[in-house]
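Written below as structure tokens is the structure these notes are about.
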2 protein chains.
Amino acid sequence: MSLQDAHNISLQCGACPIRHRAVCARCETDELALLEEIKYYRSFEAGQTVTWAGDKMDFVASVVSGIATLTQTMEDGRTQMVGLLLPSDFVGRPGRETAAYNVIATTDLLMCCFRKRPFEEMMVRTPHVAQRLLEMTLDELDAAREWMLLLGRKTAREKIASLVAIIARRDASLKLRSPQGRMVFDLPLTREAMADYLGLTLETVSRQISALKRDGVIELQGKRHVTIPDFDLLLTEAGDDNDGGYLI
Amino acid sequence: MSLQDAHNISLQCGACPIRHRAVCARCETDELALLEEIKYYRSFEAGQTVTWAGDKMDFVASVVSGIATLTQTMEDGRTQMVGLLLPSDFVGRPGRETAAYNVIATTDLLMCCFRKRPFEEMMVRTPHVAQRLLEMTLDELDAAREWMLLLGRKTAREKIASLVAIIARRDASLKLRSPQGRMVFDLPLTREAMADYLGLTLETVSRQISALKRDGVIELQGKRHVTIPDFDLLLTEAGDDNDGGYLI
DNA sequence: GCCTGCTTTTGATTTGGGTCAAGGTTCTGT
DNA sequence: ACAGAACCTTGACCCAAATCAAAAGCAGGC
């Protein structure tokens, strides 16, 4: 199944821009009509900036294809990625005027956008959508807090294993499988992007990937294509005690 | 003004358990009555656990007095604090069955609780409350992501300066002041708790506090009582480029 | 083919913060 | 007032990851 299909599934009922993990039985016809009305598409090239932190952002959106990152920066250039947007992910802050982070397309990116004002109006009128949005935000908060544990307490090797596990899990969910046993997928990030996500340098990322390869935890074909022979082994390396459903 | 007073202000309209930074013009009389009905108080002793991650949690709550922490742990005992609850802060996950983190009282703690079921019912009926809850969750998400930058990219000295600045800011807001110039307050955390929050060891925390004291960035009376001679200097040490309204 | 400009890997060296250890302070209960 | 227990500070040493440096892989354009 393609990423485009995954997006279609996530927008299942055709009405709600919000990701649905299960079938959505909530949306009503007029909501559908309203959303279709305010919907439009925007595409970005790899490397292009979607928004800068502090800029006005007059839309919310759902990623259709491609990958974008949310990053924080300090004046001296140190950067920390705080979120990764994959197809079917939602981005935007209903009720907020401005963007809080830099949003940057790391591949060619297609987004399904909704103008914010009418979207917010719809939210007020349809509590189920607002509730779903709250759930999604709570999910993101859980993910962010799990990531805080990684950034604060995990070793470089554990960080890499965690990231690979998260991407594997995410990839499996796009394929409607549960993550287990042998898994094959592509890393959607450069070494530098991984470093920004994990609070490491790209050299350390490269070294630890080599080490995990040497130790048989992962296999690499080329630089991006990964095979995981044993997902449980990877989880052990990641130091995860829970099933970590939250992240990304 | 006492902490109790701060709580009263945060619950200003007397109806909504949700923290209001400005005057709340939203709540209607029946919501008030409903909330009063489902409201009860719980107190915990210092060190007592409010909930463990994964446990059933059938209430949401607002901190009246005292301090609690949200922590994540790994099996081997490494812990990372992911949130700090001060008076007027809200805790709980409407729509979720279980707690996601360990919530531990670090001082004697009084919480104003609401049974979750009726609270959720009210949320569905009153979109303003749901919207306010979404705003709060977005605030928490912003804070978590700002914290990710700290954990991933800041030096030990910057981390300490950031934490002190955040506590100063928070203390000022309880006193209805804006943080600036000379400030005096108490650190509500032990060195160990600070270490857990910052992803450091308690020895490093102690050393860096000593260093900031030696360099005149902070002054200490005893172990807890802090004077900041120049708030802007502290912010510079923290490496903050924004005004950091989010954190805690 | 063969430049040119990435991205990635690997090596050598340095360093910030962790670890281990020993005292010092402050608080609490008797 | 005193004992014991937390909590905090400081020192010595070590190590994981950063930094500095160089070379290798790889992709696109001519």
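A quick note: this is a predicted structure, and the numbers were derived from the prediction, not measured. Proteins get letters first, then strands, A, B, ... in listed order; numbering begins at 1 in each.
Following rounding to the nearest Å, A:Arg153 (CZ) and C:dT19 (C1') show an atom-to-atom distance of 13 Å. Rounded to a whole Å, the CG atom of B:Leu151 is 20 Å from the P atom of C:dG16. As a whole-Å value, the separation of A:Leu189 CG from C:dT7 P is 13 Å. The interatomic distance linking B:Lys159 (NZ) with C:dG16 (P) rounds to 14 Å, in whole Å. Residue B:Met194 contributes atom CE, which lies 13 Å from atom P of D:dC7 at whole-angstrom precision. Per the geometry, NZ belonging to A:Lys223 stands 13 Å off P belonging to D:dA24, to the nearest Å. Rounded to whole Å, the distance from CD1 on B:Ile160 to P on C:dG16 is 16 Å. One interatomic measurement links the two molecules: CZ of B:Arg191 to C1' of C:dT25, which rounds to 12 Å at whole-angstrom precision.
Paired with A:Met194 under the rule side-chain contact (heavy atoms from CB on, under 4.5 Å), one option of A:Leu163, A:Val164, A:Leu202 passes, and it is A:Leu163.
Residue contacts shown for B:Gly47 are absent, as no nucleic acid heavy atom lies under 4.0 Å away. Among the protein residues, B:Arg157 comes within range of no part of the nucleic acid, since none of its heavy atoms lies under 4.0 Å from any strand.
Contact of the B:Tyr101 side chain with the B:Trp52 side chain is not registered, since no non-hydrogen atoms from C-beta on lie closer than 4.5 Å. Contact of the A:Asp196 side chain with the A:Thr71 side chain is not registered, since no non-hydrogen atoms from C-beta on lie closer than 4.5 Å.
No side-chain donor-acceptor contact under 3.5 Å links B:Thr190 and B:Glu192.
Remark: B:Asp139 does not engage A:Arg93 in a salt bridge, criterion side-chain N to carboxylate O under 4.0 Å.
A cation-pi geometry, defined here as NZ or CZ lying under 6.0 Å from the six-membered ring centre and within 45° of its normal, does not hold between A:Arg169 and A:Phe231.
Across residues 200-222 of chain A, A:Leu202, A:Glu203, A:Ser206, A:Arg207, A:Ser210 each have a non-hydrogen atom less than 4.0 Å from an atom of DNA chain C (numbered order).
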